[in-house]
**Q** 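Questions regarding the structure given below will be posed in turn.
Keep in mind the model is a prediction, meaning the values are calculated, not measured. Whatever order the structure lists them in is the order used to number ligands and atoms, beginning at 1.
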Amino acid sequence: MTICVVGHANPDTDSVMSAIAYTSLLKAQGKEAMACMQIAAADLNPESTTVLKHFGLTAPELLTDATGKEIALVDFSDLAQGPANLASASVLAVVDHHKIGDLTTNNPIFFRAEPVGCTGTVLNKMFKEAGVAIPKAVAGGMLAAILSDTVNFKSPTCTDDDKAAVAELKAVAGVQDTDELFMMMLKAKSSVDGVPAKDLLFRDYKDFDMKGSKVGVGQLELAALDQVAAVRADLVKAMEAVKADGRHSVLLMLTDVVKEGTDLVVLSDDPALIEKAFGSKLSNGSMWIPGMMSRKKQTIPNLQKAFGC
Ligand code: MG
Ligand code: MG
Ligand code: MG
């Protein structure tokens, strides 16, 4: 049976490129595999679309239901972030760089997770360990994924392993200037022109369970905050609608990648709790948190602490 390699819902560049890269590795090892994602190519975020086009890669196939399938997960291991019926599917492998999620299996599986900045970094090691040369375009996609997940090395999640992987992958991909590649991606990613506020909110959005309270956290990485000034009120409206759908809090991180900080927009049943989580005060529904770049490493742990998780 063909192994469907799939990343998390609302796929980011790492989820997409890691699905492509792990599929490439599995095929090189004589397995039947297919890169998948949980949305149609037309709905992919502009950064990933730009990277696919730039390196001449094909978008993964749509996979929304895991029933009866053999699955490999990349960039996640939470059931909630997977395709429908993942719990009853046959999961054969996980390659990730997050905390271990709630997936359980009936059989032994291949499981590879490392505390590095990107799944692409883990996959680069796996290619080397397997003695498999990475195709040029795939190396480009993996390189882009690492730059994306580590915000061009500025995220606190970035490790020396990620930097070493970038140095290796840029040579394979024939990329001269990774800053230039990153700025091209950032421009594509942060473009808000003509995008409905709801789509912007869900561009990079995840729900979390905080001791029984559902908390949604979205993030927009921007070249400058004034990029969203005109749509800010509409973003808050979109957040209100999402919050009304059974959530304790909805947060939107407007991250200024150049200034290296986040304007955190907050809608909450308990604003004081959110203020406490970040040691700051809300003003007109938001607060500027210097140095905040990573949802995973900064925003979520602070929230978990405040919620008593
Ligand atoms: Mg991801
Ligand atoms: Mg990732
Ligand atoms: Mg990410």
**Q** What is the name of the N/O/S atom of Asp12 that is nearest to the Mg ion (ligand 1)?
**A**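 Closest to the Mg ion (ligand 1) among those atoms: OD2.
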
**Q** Using a distance threshold of 2.8 Å, state whether an N, O or S atom of His97 lies below it from the Mg ion (ligand 2).
**A** yes

**Q** Look at the N, O or S atoms of Asp149, main chain and side chain alike, and state whether any lies under 2.8 Å from the Mg ion (ligand 2).
**A** yes

**Q** Please determine whether His98 has a backbone or side-chain N, O or S atom lying under 2.8 Å from the Mg ion (ligand 1).
**A**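 So His98 does not bind the Mg ion (ligand 1) by this criterion.
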
**Q** Using a distance threshold of 2.8 Å, state whether an N, O or S atom of Asp96 lies below it from the Mg ion (ligand 2).
**A**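 Here the distance criterion (N, O or S atom, under 2.8 Å) is not met by Asp96, so no.
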
**Q** Report yes or no: do Leu73 and Ile39 belong to one cluster of Ile/Leu/Val/Met/Phe/Trp/Tyr joined by side chain heavy-atom distances under 4.5 Å?
**A**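 Shared cluster, no.
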
**Q** For Glu129, look at atom CD and say whether over 12 heavy atoms of other residues, nucleotides or ligands are found less than 6.0 Å away.
**A**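 More than 12 heavy atoms, drawn from other residues, nucleotides or ligands, come within 6.0 Å of this atom.
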
**Q** Indicate if the distance from the Mg ion (ligand 1) to the nearest N, O or S atom of Asp14 falls below 2.8 Å.
**A** no

**Q** Are Leu186 and Met293 linked, directly or through other ILVMFWY residues, by side chains that come within less than 4.5 angstrom of each other?
**A** yes

**Q** Among the N, O or S atoms of Asp75, which one sits nearest to the Mg ion (ligand 1)?
**A** OD2

**Q** Once you round to the nearest 0.5 Å, how far does CZ of Phe110 lie from OH of Tyr22?
**A** 5.0 Å

**Q** One thing to verify: whether Arg232 and Asp263 come together as a salt bridge, which I'm taking to mean a side-chain N less than 4.0 angstrom from a carboxylate O.
**A**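 Yes, this pair counts.
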
**Q** Following the transitive rule for hydrophobic clusters with a side-chain heavy-atom cut-off under 4.5 Å over Ile, Leu, Val, Met, Phe, Trp and Tyr, establish whether Ile109 and Ile100 coincide in one cluster.
**A**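 Looking at the clustering, Ile100 is in the same group as Ile109.
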
